[in-house]
Amino acid sequence: MPSYRNVALAMFLTLHGALGFGLRTSSLASSASLRRTMSKATTTAIYSTAEATESEKKTPIKNEEAYNKVKMEDIVSLCKRRGIIFPSSEIYNGFAGFFDYGPLGSELKKNVKDNFWRHFVQRREDVVGIDSSIIHNPTTWQSSGHLDGFSDPMVDCKETKLRYRADQLFCAPVTVEECGTTVGFVCVLEANDEDMVKAAKKQAKKLLKESDRKGQAIQPFAFKDLTQVSEEEMGQIPSPGSGKPTLTMPRDFNLMFQTNVGAMQDGSSVAYLRPETAQGIFINYKNVIGTSRQKLPFGIAQIGKAFRNEITPRNFIFRSREFEQMEIEYFIPPGDDVWQPFHEKWIADSKAFLETVGLREDLMGYDVHEGDGLAHYARACTDITFKFPFGEQELMGIAARGNFDLTSHTEGSGKTLDYFDEETKEKFIPHVIEPSLGVDRLILALICSAYAEDEVNGEKRNYLSFHPSIAPVKVSVLPLVKNKEPLVKAARELFEKLQMRWNVQWDQTGAIGRRYRRADEIGVPFCVTVDFETIEDDGAVTIRDRDTTEQVRIPMDEVVPYLSKMIDGY
């Protein structure tokens, strides 16, 4: 057994290396005596749970207020810096409303879609999947109402020629508190409450100065969007572009991207990129009924690209022109007493799914649509919301759509899209419950949920606390040193074995502590360290947990089962 003096020396040197400011571990290993000391004592003392040093036993002190202080520009910068999301066509100065997913982002996106598919399709007997084309027969969009009604209210600035979505511009009167006199209006872009008030105060200060009321107190701002203003009020509301009342009244603008199919480019060749994936499900409803042997109630799921010509794409990937949707159309029998239990069940199932992929429950909420907030055909709609840095917004919608879509396509195509119930011998057009979720919005919410800061042994740490099931990289394999061939070989064999199951990374450069931090920063949930003890004594490795920094010693042949349970749940 090594002397306590040698053990203490080795622990001191290794601890400093782990913190990233001492001697390199590889230089320590170059000494045979020190290597043996580390092998027999330090590795066990530093990496084994049973004999860990007191400093490593300390639980990280989490900064609970970290996310509340994060701005949207911090999230955008993080995504680019860590290879998650890049601006599209950046070398040509970008293209507004379009984004590219980098090495980590593409893995994250794939994991999100795979989790959705497993949860709602593969693990259910009543849901099947399809993958429809992006371009449908143009009559599809006439029947669905998109050609005539798929639009957003827009306002134009007559001076700058800039166009804005009317429901994303908010105005408020500036009213002097003492006398109740309104001196004008402020107009700000949609954002979180704090930023909107800040921008409005800046405009109000200028208005008060111009009306010789500088320094006077004003009433709290009563914001409303520009779809709710009168023509008289619009004559006083300043444009964000010109700073003067030069905005038009809201008018509808169709959001579909138009293209041409075939060699000729005339009216007969006009087609559209789909603005949603749902219609591809409805027009394939009869095909699925005839081939899948499904009986009501049952669902059809689809994941795919959709395109909307957003005039003012905003808030990074939250609202962009090209995006991906994960949707289910769940067909149920008709009847006013039938749809509500199905709707409530899908709300609960949707919330449960979001929690399983790692969304923070404290950042989620509900928004129940009522009255004018409902589509004309909808019986009900509940949104699961998320608190983004720019405010609480819709994340996932669960709508009771009635039988509007199948009825419309029956009329438009002349084909019967009813259902024959073999038990009751009745024919009817089913009603639909639609859970709909944007892949990109969910990814943004997951990044926000995962953003974390803490303090480990007095050292501040920033990391992404992704749930293991959606983390872009599941495991980082770390040979303790890179110049010990048997050790590196053992680590490499384990790495190649893990590659058969998950996306893993190899990192052999730098102090072990620095490698931990690199893995933490990109959200790797587990680091596996192969050390001298592995090849000379117990054949075990150390597995470190990203969030708790706890370390356990696991025999080599038990690594895959252990990680499988931690990552996949079985």
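- In this structure, His431 and Val338 have side chains that are not in contact, with every pair of non-hydrogen atoms separated by 4.5 Å or more.
- One N or O on the side chain of Thr140 and one on the backbone of Asn137 form a donor-acceptor pair closer than 3.5 Å.
- The structure places CD1 of Ile317 at 5.5 Å from CD1 of Ile447, a figure rounded to the nearest 0.5 Å.
- Under the salt bridge (Lys or Arg N to Asp or Glu O under 4.0 Å) criterion, Asp418 pairs with Lys286, sequence neighbours left out.
- Note that CD1 of Ile443 and SG of Cys448 are 12.0 Å apart. Values are rounded to the nearest 0.5 Å.
- The main-chain N or O of Ile384 is never found under 3.5 Å from a side-chain atom of Asp367 such that the two would form a donor-acceptor pair.
- Within 6.0 Å of NZ in Lys224 there are more than 12 heavy atoms belonging to other residues, nucleotides or ligands.
- Annotation: the span from Tyr101 atom OH to Ile84 atom CD1 amounts to 10.0 Å, rounded to 0.5 Å.
- Thr407 contributes no side-chain N or O that, together with a main-chain N or O of Phe404, makes up a donor-acceptor pair within less than 3.5 Å.
- At a threshold of 4.0 Å, the pair Glu392-Lys387 does not count as salt-bridged, since none of the basic side-chain nitrogens sits closer than that to a carboxylate oxygen.
- The shortest side-chain heavy-atom distance between Asp383 and Met396 does not fall under the 4.5 Å cut-off.
- Within a 6.0 Å sphere centred on CZ of Phe95, other residues, nucleotides and ligands contribute 12 heavy atoms or fewer.
- The side-chain heavy atoms of Gln302 and Ser132, taken from C-beta on, include a pair separated by under 4.5 Å.
- Glu231 CD: 12 or fewer foreign heavy atoms inside a 6.0 Å radius.
- A salt bridge between Asp520 and Arg546 is absent, with no side-chain N of the basic residue lying under 4.0 Å from a carboxylate O of the acidic one.
- We find that Lys425 and Asp421 are not joined by a salt bridge, their nearest charged nitrogen and carboxylate oxygen being 4.0 Å or further apart.
- Salt-bridge formation is detected for the pair Glu190/Arg314: a Lys NZ or Arg NE/NH1/NH2 atom is positioned less than 4.0 Å from an Asp or Glu carboxylate oxygen.
- Lys474 places a side-chain N or O within donor-acceptor distance of the main-chain N or O of Ser469, the cut-off being under 3.5 Å.
- Counting heavy atoms from C-beta outward, Asp156 and Leu162 have side chains that stay 4.5 Å or more apart.
- Closest non-hydrogen pair, Leu169 versus Leu189, comes out as CD2-CD2, 3.3 Å.
- When every heavy atom of Asp100 is checked against every heavy atom of Ser88, the shortest pair comes out as OD2-CA, 3.4 Å.
- Using a cutoff of 4.0 Å between basic side-chain nitrogens and carboxylate oxygens, Arg360 and Glu355 are not scored as salt-bridged.
- The list of ring pair (Phe, Tyr, Trp, His ring centres under 6.0 Å) pairs with a residue in residues 103-137, not counting sequence neighbours, reads Phe116-Phe120, Phe116-Phe353, His119-Phe353, Phe120-Trp346, Phe120-Phe353, His136-Trp141.
- Atom CG of residue Leu108 and atom NZ of residue Lys113 lie 11.0 Å apart, to the nearest 0.5 angstrom.
- In the model, Asn111 has no side-chain atom that pairs as donor or acceptor with a side-chain atom of Asp114 under 3.5 Å.
- Considering only heavy atoms from C-beta on, Gln228 stays 4.5 Å or farther from Phe170 through its side chain.
- Looking at Glu90 and Lys80, a side-chain N of the basic residue comes within less than 4.0 Å of a carboxylate O on the acidic one, giving a salt bridge.
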For this session: Could you give me the CA-CA distance, side-chain angles and deciding distance for His409 and Lys415, then say whether side-chain contact (heavy atoms from CB on, under 4.5 Å) is met?
Result: CA-CA 8 Å; His409 287 301; Lys415 307 294 191 303; over 6 Å; no
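- No side-chain donor-acceptor contact under 3.5 Å links Ser564 to the backbone of Val560.
- Checked against a 6.0 Å centroid threshold, the rings of Tyr419 and Phe428 count as neighbours.
- Within the 4.5 Å cutoff, the side chain of Leu464 has heavy atoms near those of the Leu78 side chain.
- For Gln122, the CD atom sits in a packed shell: over 12 heavy atoms of surrounding residues, nucleotides or ligands are nearer than 6.0 Å.
- With a 4.5 Å cut-off on side-chain heavy atoms, Ile289 and Phe298 count as touching.
- When the shell of 6.0 Å around CZ of Arg81 is examined, it contains more than 12 heavy atoms from other residues, nucleotides or ligands.
- Using the six-membered ring where Trp is involved, Phe331 and Tyr285 have ring planes that are tilted, between 30° and 60° apart.
- A donor-acceptor pair under 3.5 Å is formed between the side chain of Asp74 and the backbone N or O of Lys71.
- Side-chain N/O atoms of Thr385 and Gln393 include no donor and acceptor closer than 3.5 Å.
- For the residue pair His146 and Gln279, no side-chain donor N or O sits within less than 3.5 Å of a side-chain acceptor on the partner.
- For Tyr92, the OH atom is loosely surrounded, since the number of other residues' heavy atoms within 6.0 Å does not exceed 12.
- For the atom pair CD of Glu194 and CZ of Phe390, the computed distance is 15.0 Å after rounding to the nearest 0.5 Å.
- Proximity of Leu437 to Leu395: side-chain heavy atoms (C-beta onward) are separated by under 4.5 Å at one or more points.
- For the residue pair Tyr377/Asn403, the side-chain donor-acceptor check at 3.5 Å is not satisfied.
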For this session: Using the salt bridge (charged side-chain N to carboxylate O under 4.0 Å, His left out) rule, take Lys69 and Glu65 through it: C-alpha gap first, then chi angles, then the decisive distance, then the call.
Result: CA-CA 7 Å; Lys69 298 178 181 179; Glu65 294 299 313; over 6 Å; no
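- Of the possible polar contacts, one joining the Arg441 side chain to the Phe318 backbone as a donor-acceptor pair under 3.5 Å is found.
- Classification of Glu453 and Lys62 as a salt-bridged pair fails, no side-chain N sitting under 4.0 Å from a carboxylate O.
- Asn192 places a side-chain N or O within donor-acceptor distance of the main-chain N or O of Asp195, the cut-off being under 3.5 Å.
- In this structure a side-chain-to-backbone donor-acceptor pair under 3.5 Å is present from Glu327 to Ala278.
- At least one donor-acceptor pair closer than 3.5 Å links the side chain of Arg274 to the backbone N or O of Lys305.
- Residues Gln340 and Asp336 share a closest heavy-atom pair of OE1-O, 4.3 Å.
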For this session: Starting from the C-alpha separation in whole Å, work towards a yes-or-no answer on ring pair (Phe, Tyr, Trp, His ring centres under 6.0 Å) for Phe99 and Phe86.
Result: CA-CA 6 Å; Phe99 297 91; Phe86 306 129; over 10 Å; no
For this session: Could you please spell out the steps behind the side-chain contact (heavy atoms from CB on, under 4.5 Å) verdict for Ile433 and Glu329?
Result: CA-CA 6 Å; Ile433 305 296; Glu329 304 303 331; over 6 Å; no
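- A salt bridge between Asp568 and Arg501 is present, with a side-chain N of the basic residue lying under 4.0 Å from a carboxylate O of the acidic one.
- Looking at every heavy atom in both residues, Pro430 comes nearest to Leu417 through CD-O, 4.2 Å.
- The two residues Ala166 and Thr227 come nearest to each other via the heavy atoms CB-CG2, 3.7 Å.
- Donor-acceptor pairing under 3.5 Å is lacking for the side chains of Tyr67 and Asp362.
- Of the charged side-chain nitrogens involved, none lies within less than 4.0 Å of a carboxylate oxygen, so that Arg308 and Glu322 do not count as a salt-bridged pair.
- For the atom pair Leu247 CG and Ser239 OG, the distance stands at 4.5 Å (nearest 0.5 Å).
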